[in-house]
Number of protein chains: 2
Amino acid sequence: MKRNSRLSLALHTLSHMAGEPGRVRTSADIADHAGTNPVVVRRVLGKLREAGLLTSEKGHAGGWQLAKAADSITLADVYLALDERLVAGSGGDAESSHCSVETGLQSRVAEVLDDIEESLVERLRETKITDVHPSSCSYCGS
Amino acid sequence: MKRNSRLSLALHTLSHMAGEPGRVRTSADIADHAGTNPVVVRRVLGKLREAGLLTSEKGHAGGWQLAKAADSITLADVYLALDERLVAGSGGDAESSHCSVETGLQSRVAEVLDDIEESLVERLRETKITDVHPSSCSYCGS
DNA sequence: GCCTATGTAACAATGAATGTTGCATTCGTC
DNA sequence: GACGAATGCAACATTCATTGTTACATAGGC
């Protein structure tokens with residue numbers, strides 16, 4: 001995989017799980033599907049577990065599973081669980097600039113970008129995982 | 001500067017220019033303010049010039065200037081000029097996965113992210129450069 | 001001509017994300 | 001209780017986009 005694939009990986013995985021909610025999947029299975037590494041999968045899905053979206057079981061028949069109904073999970077849940085800040089993260093150091101405009105107003109740019117970020121989350125809240133799952137999915141028969 | 005600072009740099013610069021539309025600024029000046037390098041500034045502002053947001057003059061009294069009224073420039077103009085794809089860029093390779101869900105449906109995840117990206121641009125279109133410029137700006141007196 | 005500016009290419013450095021290995025732990029099964 | 005299969009986690013290696021830097025060509029005003 002390439003870059004910033006966490007969100008994509010999470011969405012793919014959750015989408016698959018939405019198709020077969022009962023099935024327990026191992027990190028290795030998921031990594032195969034996603035063309036990546038089991039450890040990477042655990043890293044990403046671990047965040048989703050912390051956020052209460054997934055559960056994981058250790059041991060022999062262990063693996064990953066949805067913690068709640070797929071239609072109760074929105075993209076915002078996933079996005080926030082991963083600590084993504086696609087827009088607002090765009091600021092540089094800023095440090096303590098000697099520019100009077102910057103220091104005096106504390107760089108309103110950051111403020112504006114925060115607003116945009118918030119709007120993005122609001123928009124993400126409108127889409128559920130079930131909306132991502134293909135409507136005509138030959139794989140899960142739905 | 002740190003990471004993905006292009007958008008931030010562009011916004012800061014345009015915001016400053018909005019305060020003193022007449023003034024011509026050199027890459028060096030701008031780089032100083034932003035704590036970066038003249039060449040980097042030229043790279044970023046060059047994109048904005050291609051998009052018709054700025055003009056640049058070579059030679060003795062050369063430099064950068066707004067190409068149009070600040071209140072006619074939206075954040076979407078800037079975002080698109082820089083070819084940012086904060087959301088939709090999140091896909092991995094995908095290559096030709098052997099997963100039937102992926103191949104069969106061409107990964108609807110990408111579709112969804114494209115939609116979100118579009119929403120983001122729509123949201124950016126609502127904010128003008130003049131909205132970024134501090135309302136009580138001691139520097140430019142406005 | 002000279003100085004100052006942009007324009008651009010080529011290369012170096014940085015740093016975040018990803019990939020990898022190794023090992024501890026936990027749980028079911030024999 | 002030993003074994004195998006899974007997660008959990010830490011430490012390290014690798015990859016790669018972005019940023020930073022240097023160098024030089026070009027253009028324009030003095």
Side-chain angles (χ1 to χ4, degrees), chain A residues 1-10 12-13 17 23-51 53-67 82-86 88-95, chain B residues 1-10 12-13 17 23-51 53-67 82-86 88-95:
Chain A
M1 276 208 155
K2 220 179 278 184
R3 191 131 193 299
N4 197 12
S5 53
R6 290 199 305 264
L7 185 60
S8 180
L9 170 59
H12 273 274
T13 305
M17 287 178 166
R23 179 169 164 193
V24 174
R25 294 155 200 265
T26 68
S27 309
D29 283 345
I30 298 168
D32 268 357
H33 270 290
T36 183
N37 188 291
V39 179
V40 175
V41 170
R42 273 175 231 146
R43 274 209 281 255
V44 173
L45 299 197
K47 293 268 193 182
L48 301 186
R49 183 192 50 218
E50 288 173 23
L53 306 182
L54 290 178
T55 60
S56 65
E57 292 292 335
K58 290 183 174 182
H60 187 75
W64 300 84
Q65 211 171 350
L66 287 178
L82 297 178
D83 291 314
E84 299 269 8
R85 300 210 71 194
L86 257 29
S90 298
D93 288 327
E95 41 189 55
Chain B
M1 277 209 155
K2 220 178 277 182
R3 188 129 194 299
N4 195 14
S5 53
R6 290 198 305 265
L7 184 61
S8 180
L9 170 58
H12 273 273
T13 305
M17 288 178 166
R23 179 168 163 193
V24 174
R25 295 155 199 266
T26 68
S27 308
D29 284 345
I30 298 168
D32 268 357
H33 270 291
T36 182
N37 190 291
V39 178
V40 174
V41 170
R42 274 175 233 149
R43 273 208 283 254
V44 172
L45 299 197
K47 292 268 193 182
L48 302 185
R49 184 192 49 219
E50 287 172 23
L53 306 182
L54 290 178
T55 59
S56 65
E57 291 293 335
K58 290 183 173 180
H60 186 74
W64 300 85
Q65 211 171 352
L66 287 179
L82 296 178
D83 291 315
E84 300 269 8
R85 300 209 72 195
L86 258 30
S90 299
D93 289 328
E95 39 190 57

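The analysis underlying the following values was restricted to heavy atoms, covering all of them including side chains, and did not include hydrogens, waters or symmetry mates.
- Within a 6.0 Å sphere centred on CD of A:Gln65, other residues, nucleotides and ligands contribute more than 12 heavy atoms.
- Closest contact between the side chain of B:Thr36 and the listed nucleotides D:dG20, C:dG7, C:dA17 involves D:dG20.
- In plain terms, the two heavy atoms of B:Thr13 and B:Leu9 that are nearest each other are OG1-O, 2.8 Å.
- B:Ile30 has its CD1 atom 15 Å from the C1' atom of C:dG7, to the nearest Å.
- In terms of position on DNA chain D, the residue among A:Gly59 and A:Arg43 whose nearest nucleotide sits closer to the 5' end is A:Gly59.
- Distances from the side chain of A:His60 to the nucleotides D:dT19, C:dT8, C:dT29 place C:dT29 closest.
- The residue among B:Ala28 and A:Val44 whose nearest nucleotide of DNA chain C lies closer to the 5′ end is B:Ala28.
- Remark: C1' of C:dG7 and NZ of B:Lys58 are 6 Å apart, rounded to the nearest angstrom.
- Taking the side chain of A:Thr26 as heavy atoms from C-beta on, and the options D:dC9, D:dT19, D:dA6, the nearest nucleotide is D:dA6.
- Between A:Gly63 and A:Val24 the shortest heavy-atom distance is CA-CG1, 3.5 Å.
- The shortest heavy-atom contact between A:Leu48 and A:Ala10 is CD1-CB, 3.9 Å.
- Atom-to-atom, CG of A:Leu7 to P of C:dA17 comes out at 13 Å; the value is rounded to the nearest Å.
- Side-chain atoms of B:Ser56 lie closest to C:dT6 of the nucleotides D:dT21, C:dT6, D:dT7.
- If you measure from atom CG of A:Asn37 to atom C1' of D:dA11, you get 15 Å, rounded to the nearest angstrom.
- In terms of phosphate contacts, B:Ser5 brings no side-chain nitrogen or oxygen within less than 4.0 Å of OP1 or OP2 of D:dT18.
- Closest-nucleotide positions on DNA chain C for A:Val40 and A:Glu57 were compared, and the one nearer the 5' end corresponds to A:Val40.
- Nucleotide C:dT18 holds its C1' atom 11 Å from the CG atom of A:Leu9, rounded to whole Å.
- Side-chain N or O atoms of A:Ser5 include none that pairs as donor or acceptor with a backbone N or O of A:Ser8 at under 3.5 Å.
- Close to C:dG7, at under 4.0 Å from its OP1 or OP2, lies no side-chain N or O of B:Arg42.
- Between B:Leu86 atom CG and D:dA17 atom P the separation is 16 Å, expressed in whole Å.
- A straight line from CG of A:Leu82 to C1' of C:dA16 spans 16 Å, rounded to a whole angstrom.
- Ranking D:dG20, D:dT7, C:dG7 by closeness to the A:Ser27 side chain, first place goes to D:dT7.
- For B:Arg49 against C:dG7, a side-chain-to-base donor-acceptor contact under 3.5 Å is absent.
- Between the NZ atom of A:Lys47 and the P atom of D:dG8 there is a distance of 14 Å, given to the nearest Å.
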